[in-house]
Amino acid sequence: MTRTDQEQLLERAPKLNAHADLTAAGLTSQEAFLLSQVDGSTPASILADLVAIDERTLIVQLRRLEQLGLIRWAGDDEAAKPGSTAVVPRVTPTPPPGVLESCDLSVDDQQRILEAERTFATMNHWQVLGLAGEVTASDVKRAYFAASKAFHPDRYYGRNLGSFRERLERVFLRVKAAHDALVDDALRTKYRAKVPVPSRATTVPGVHVTPIQPAKVETPEEKRVRLERHRQEILANRRQARVEKHVRPNSAEAVAKNRKADELYQHGLGQLKASQAFAAAASFKIAMTYDPLNAQYRAAFAEATELAQGDRAQQLAQSAAKAEGQGDANAAANDWARAFELSPQRADYAIRAAAAFLVANNVDRALHFSAQAVEVAPNRIEACKVAAEACERAGDKTQALVHWQAAERLDPADSHVKNSLKRFSK
Amino acid sequence: MGKVIGIDLGTTYSCVAIAERDGPRVIPTRTGQHTLPSVVAVTESGKRLVGNLAKRQAITNARNTIYGAKRLIGRRWDAPEVQRALKLVSYDAVKGPHDDVRLMMGGRQFALPEISAMVLQDLKATAEEFLKEPVNQAVITVPAYFNDNQRQATKDAGRIAGLDVLRIINEPTAAALAYGFGKGLEQKVAIFDLGGGTFDISVLQIGQGVFEVLATAGDTFLGGEDFDERVIVWLVSDFNDKHGVDLRQDKMALQRLRDAAEKAKIELSSVQEVDINLPFIYSKAKGDALHLQRQLTRDKLNELTGDLVERTSRICSQALKDARLNTSDIAAVILVGGMTRMPKVQQAAQQFFGIPPSKGVHPDEVVACGAAIQAHLLSSGVSDTLLLDVTPHHLGIMVAGGLFDVIINKDTTIPTSARKIFTTVRDGQNQVRIMVLQGESSQAEENELLGEFVLDGLREAKRGEVKIEVIFDISADGIVSVSAKDVETGRAQAITVTASSGLTEDEILEMAARGGDTGLAPALPSADTTARLKEDVQKVLLDIEALLPKARPAIDGTDFGADALKKAEYTIARAKTALASNNVAELHDSLKPLERTLTLLRNVMQKLSV
Ligand SMILES: Nc1ncnc2c1ncn2[C@@H]1O[C@H](COP(=O)(O)OP(=O)(O)O)[C@@H](O)[C@H]1O
Ligand SMILES: [Mg+2]
């Protein structure tokens with residue numbers, strides 16, 4: 001490679017190939033990380049900074065990714081024009097890797113998917129399905145079914161998933177490829193000869209995905225506790241960070257890395273100030289890749305994530321209120337419900353969701369959200385009332401009575417509650 | 001999302017169901033039945049009829065009564081199956097503008113999706129009446145063996161009927177879902193579905209709430225009507241021998257024969273012999289009428305249809321082979337479809353699988369119930385049950401020599417993606433035509449064409465030197481996209497294959513707008529009736545909203561108060577939705593309840609002032 005060659009490439013932006021077959025690639029983690037930063041607009045010279053390697057190595061690695069069919073150079077295919085009128089070029093937006101975005105997925109789900117996408121890229125079939133030891137066809141099936149429930153796109157049917165639709169599909173395809181290669185006895189034996197089965201099921205650091213167990217659902221209470229802990233951490237970390245600044249080792253490499261991470265961190269703070277919480281979360285996340293132990297970054301990340309969810313919840317609440325104004329109880333109910341899922345401490349969202357579901361005649365969901373409302377805010381009379389009504393509509397008189405009585409204790413003067421209780425005593 | 005219904009759009013009977021917390025249930029038709037004959041007709045006086053009424057007048061109005069539309073939907077006029085099927089029907093058919101089939105009814109042409117839409121619209125109305133709210137979304141089932149064009153045509157039928165079709169799912173898969181939903185099963189099952197027009201067999205693995213289709217096989221021209229046809233032929237040829245008259249030439253006689261044959265076949269499921277009596281079936285001249293009278297035994301029926309029953313077993317073994325299983329792997333056999341009531345068919349299934357078929361699923365309702373369950377799963381975000389469906393046919397492209405090169409195999413779980421490299425076949429070739437095909441034949445032309453496009457601007461080179469990569473994607477919704485790329489230059493073309501129902505987008509929109517013309521929905525109102533209706537609704541709404549603040553505290557204090565208020569609120573919400581959507585049917589439906597609410601409020605206020 002000539003010097004000018006390299007220089008030219010450094011100015012250009014590599015682009016991720018849609019449908020790139022990550023499974024066959026066998027990437028090193030360094031290459032995978034590089035790949036995760038390729039977004040079609042960042043020039044190679046900046047990528048070198050982002051992944052903290054020298055430009056020469058970077059070009060070598062990018063060339064290899066290109067050969068593997070994973071990336072191409074932006075601009076290479078721009079000249080193509082449609083061949084005939086009947087042909088509509090398919091839109092294959094290349095999703096920027098590793099970035100949280102504003103869509104109908106909780107940040108937790110987004111992270112789960114991103115991390116699966118990233119880690120699966122370098123895993124063998126055994127690891128993708130979390131298999132180890134003596135593996136039978138039914139083990140493969142069991143692992144595959146569990147992973148399917150976590151990653152099949154139908155799980156999020158009808159939601160706006162943004163770039164996550166494609167990611168989810170990719171992750172599912174990866175899981176399916178592992179299943180197809182291992183479920184058949186002959187194929188499995190052949191594969192085992194090539195790639196030995198791990199003796200212990202692997203969980204890659206930083207991956208919360210345990211495909212065999214369906215994702216555990218956090219109760220609102222647990223979530224509240226966790227968020228509170230985060231808040232405390234943030235405060236503690238800020239203090240700590242101030243102290244640490246003075247005692248950090250001063251090697252040149254560390255300084256360079258720190259500079260990049262800190263730039264990202266500052267950038268993220270700016271984004272946070274500009275109310276771009278999702279983007280900020282992504283910046284902090286990348287900062288963390290330089291300096292995974294930096295508690296300050298971690299705390300900032302947690303904070304941005306929480307804010308992003310709160311923002312989205314507020315948007316949803318606004319749209320719910322609007323839908324209510326237009327008399328669309330269904331749409332309103334669903335928006336309140338999602339708002340609550342993102343801000344599980346907001347009992348008012350749950351109450352409004354439950355009420356709207358009652359109007360929309362969806363007793364099932366009304367029951368669910370009124371129960372959540374009572375759990376989060378047992379002392380709010382509205383929560384008790386809506387729970388009571390939901391139970392009544394569902395035909396559960398006993399439980400309804402319990403809620404009406406709770407409401408009465410909160411406000412013995414409430415005429416609605418009094419009347420309902422009167423009805424019960426008959 | 002509002003409520004989403006599940007619809008089994010059958011060849012002979014259709015069924016609608018809804019699933020909620022307490023599982024699925026069938027929605028009875030207005031006449032209290034659980035299924036609706038898939039028959040539509042136009043009477044002498046120009047009235048459109050659907051279901052039982054249409055079926056009842058079929059004999060006297062054979063030319064204008066359409067049944068078995070599902071056998072023709074999404075097929076091309078020239079298809080041999082179509083020409084064969086059209087020979088047997090009593091209505092007229094013509095070739096449509098897009099090589100599709102159009103049926104004549106009441107002196108007008110109807111596209112097949114339009115005919116099916118009439119049945120769907122009737123089921124939609126049934127559901128709305130039952131659920132007391134508008135229904136706009138549905139999951140509809142089709143035979144597993146339907147190709148993409150047939151699926152698309154069914155989807156279009158939904159759109160014409162005013163239904164947003166969330167998903168088309170396979171009938172046997174739906175049946176499995178209804179059979180296993182919520183039971184925590186861990187087993188492999190076979191679904192044996194012999195209906196009026198089609199035979200389908202699917203093998204599924206159920207576990208951890210996941211329903212994975214392992215293999216499907218079937219025949220879209222093997223069903224109850226073929227059994228009927230055997231009986232008809234038996235009757236007709238005997239009659240011909242005796243009287244020298246071919247009854248099939250007479251459309252009315254043919255319709256009577258068809259009814260009699262089916263009736264006899266059904267009765268023979270419970271008795272050993274039946275008498276077929278068709279007096280005055282033919283009159284040569286005045287006063288010279290011929291009568292048909294014969295006895296049919298169960299044994300004779302079994303003999304006449306032995307090869308049909310035999311065919312089901314052959315298809316079953318194909319499905320097992322595809323799933324790489326033995327009959328002993330199958331823990332349960334579920335019988336679906338009216339024809340599985342025939343003892344000989346049950347015996348054949350039992351003999352093949354070596355176990356007695358499962359009891360406890362209703363063969364006529366289980367498919368609609370499964371569709372309703374999938375509707376519920378998709379629309380409510382439930383995550384403990386999942387359907388892993390497959391693509392039922394090979395997908396690929398045509399290559400040199402008119403051969404079919406498969407890129408995605410049948411029975412591949414969707415979503416899926418696959419790629420393959422091809423090369424040019426001529427020196428200096430600068431373009432390739434990519435023809436996307438679906439089917440089982442190795443000859444391209446014998447398969448279904450889903451779409452085509454051209455990749456041009458290829459680098460001119462010796463043949464075999466230019467490499468073209470073709471990539472197929474199928475989304476979870478079953479949508480196929482195909483792209484082709486010159487590997488060296490990166491130049492690419494792609495299409496999303498919209499399988500064709502034989503109708504253009506404009507035609508579908510027009511048919512949907514003409515909804516009223518089907519005679520099922522209220523006649524399409526002129527702009528000013530809509531405006532007037534809107535005005536009426538608005539006026540009553542205003543009156544209500546003026547009264548409500550004063551009335552609310554008063555009502556709240558009464559025993560019935562909470563309920564009445566809730567009802568009033570629902571009525572108001574519904575009217576507002578109707579206003580916002582400009583939907584005439586909904587406006588119309590919301591006026592009466594609104595007026596009732598207003599009367600109630602007025603009464604309350606009167607009592608207060610007294
Ligand atoms: N008791 C019965 N014995 C034999 N055949 C029956 C019986 N009941 C219905 N059938 C046949 O079943 C077929 C209809 O089955 P169905 O499952 O409703 O079909 P599809 O779903 O294709 O409309 C018809 O051919 C009808 O004659
Ligand atoms: Mg059927």
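Residue numbering restarts at 1 for every chain, and letters A, B, ... go by the order of the sequence lines. Both backbone and side-chain heavy atoms feed into the values below; hydrogens, waters and symmetry mates do not.
Taking CD of A/Glu169 as the start and CD1 of B/Ile414 as the end, the distance is 9.5 Å to the nearest 0.5 Å. Here the straight-line distance linking atom OG1 of B/Thr577 with atom CG of A/Asn330 works out to 8.5 Å at 0.5 Å rounding. Atom CG of A/Asn362 is separated from atom CD of B/Glu133 by 9.0 Å, given to the nearest 0.5 angstrom. Taking OG of B/Ser380 as the start and CZ of A/Arg365 as the end, the distance is 7.0 Å to the nearest 0.5 Å.
Taking chain A as the reference chain and counting heavy-atom pairs below 4.5 Å, the highest number among B/Gly457, B/Gly451, B/Pro415 is found for B/Pro415. Chosen from B/Lys132, B/Gln205, B/Glu186, B/Glu469, the residue pairing most often with chain A at heavy-atom distances under 4.5 Å is B/Gln205. In terms of heavy-atom pairs under 4.5 Å with chain B, the best-connected choice from A/Gln326, A/Lys141, A/Arg159, A/Arg165 is A/Lys141.
Residue A/Asp154 is tested with B/Leu387, B/Leu386, B/Asp389, B/Leu388 for a side chain to side chain contact (heavy atoms under 4.5 Å, CB included); the sole match is B/Leu386.
Two residues are said to be in side-chain contact when any heavy atoms from C-beta on lie closer than 4.5 Å; A/Tyr144 and B/Thr413 meet this criterion. You'll find the side chain of B/Arg324 reaches within 4.5 Å of the side chain of A/Asp184, heavy atoms only.
A donor-acceptor contact closer than 3.5 angstrom links the side chains of B/Thr416 and A/Lys176.
Taking all atoms of both residues into account, the shortest heavy-atom contact from A/Val359 to B/Ala573 is CG1-CB, 4.2 Å. Nearest heavy atoms, B/Leu166 versus A/Tyr157: O-OH, 2.8 Å.
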Exercise for review: Starting from the C-alpha separation in whole Å, work towards a yes-or-no answer on salt bridge (Lys or Arg N to Asp or Glu O under 4.0 Å) for B/Lys576 and A/Asp328.
Suggested key: CA-CA 8 Å; B/Lys576 283 185 177 162; A/Asp328 189 346; over 6 Å; no
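Heavy atoms of B/Thr412 lying under 4.5 Å from chain A belong exclusively to its side chain. There is no contact between A/Leu358 and chain B, counting heavy-atom distances below 4.5 Å.
Panel note: side chain A/Lys149, backbone B/Gly209; no donor-acceptor pair is recorded below 3.5 Å.
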